[in-house]
Amino acid sequence: QVQLVESGGGLVQARGSLRLSCAASGSTFSINVMGWYRQAPGKQRELVAAISNGGNTNYADSVKGRFTISRDNAKNTVYLQMNSLKPEDTAVYYCTVDRFWYRLLAGTSDYWGQGTQVTVSS
């Protein structure tokens, strides 16, 4: 099994920046893809960004050019650098990992972090 511990959430002003981290432990040998989802109250959970072992990335259109996903394979950690934050970025952000790219993109991974709140004030 895999355990995910997230950190870095908080309250920031619009146009500000925040960096989220997610450290994986346990059966990390099975992790090929890591990513971030978010969910705002009353809205559907949506993919924010994902990254493969080889460095291929996938971003939601709403965050392209503002957010950057990266990973440190030696530390089994994935990061989400969020710049130029907007109030509409306010949500609970969840880290997720999977063995298969398609399953993570579909939101059907078995492993999820506890969630970290990101609040952007206007």
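Note: hydrogens, waters and symmetry copies are ignored here, and every other heavy atom, side chains too, is used.
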Side chain to side chain contact (heavy atoms under 4.5 Å, CB included) partners of [X], counting only residues at least two apart:
| X | value |
| --- | --- |
| Lys64 | Tyr59, Asp61 |
| Ser7 | Ser21 |
| Thr28 | Ala24, Ile31, Asn76 |
| Ala106 | Thr108 |

Is any side-chain heavy atom of [Y] closer than 4.5 Å to one of [X]?
| X | Y | value |
| --- | --- | --- |
| Asn32 | Asp98 | no |
| Ser84 | Arg66 | yes |
| Leu105 | Leu47 | yes |

Search all heavy atoms of [X] against all heavy atoms of [Y] and return the closest pair with its distance.
| X | Y | result |
| --- | --- | --- |
| Ser122 | Pro87 | CB-CG, 3.8 Å |
| Val33 | Trp101 | CG1-CE3, 3.2 Å |
| Asn73 | Asn53 | ND2-O, 3.7 Å |
| Phe67 | Val48 | CD2-CG1, 3.7 Å |

Val97 with Tyr79, same ILVMFWY side-chain cluster at under 4.5 Å: no
Single-linkage hydrophobic cluster, 4.5 Å side-chain cutoff, Val78 and Val63 together: yes
ring-ring contact (aromatic ring centres under 6.0 Å, His included) partners of residues 15-55, not counting sequence neighbours, each pair once: Tyr37-Trp112
Salt bridge (charged side-chain N to carboxylate O under 4.0 Å, His left out) involving Glu46 - partner list, sequence neighbours excluded: Arg38
Spatial distance of atom CG (Asp72) from atom CE (Met34) [nearest 0.5 Å]: 10.0 Å
Aromatic Tyr94 / basic Arg45 pairing, under 6.0 angstrom, 45° off normal: no
Flag, side chain of Arg19 to backbone of Gly8, donor-acceptor distance under 3.5 Å: no
Arg71 side chain to Ser52 backbone, donor-acceptor under 3.5 Å: yes
Residues in side-chain hydrogen bond (donor to acceptor under 3.5 Å, both in side chains) with [X], at least two apart?
| X | answer |
| --- | --- |
| Ser17 | Asn83 |
| Asp110 | none |
| Arg99 | none |
| Asn58 | none |

What pairs of donor and acceptor atoms, side-chain ones from residues 113-121 against any protein atom, are under 3.5 angstrom apart with sequence neighbours left out?
from	atom 1	to	atom 2	distance (Å)
Gln114	OE1	Glu6	N	3.4
Gln114	NE2	Glu6	O	3.2
Thr116	OG1	Gly9	N	3.3
Gln117	OE1	Thr119	OG1	3.3
Ser121	OG	Val12	O	3.4

Derivation and outcome, side chain to side chain contact (heavy atoms under 4.5 Å, CB included), residues Gln3 and Tyr111: CA-CA 7 Å; Gln3 291 73 230; Tyr111 302 106; over 6 Å; no
Arg103 atom CZ, over 12 foreign heavy atoms within 6.0 Å: yes
Tyr93: partners by ring-ring contact (aromatic ring centres under 6.0 Å, His included), with sequence neighbours left out: none
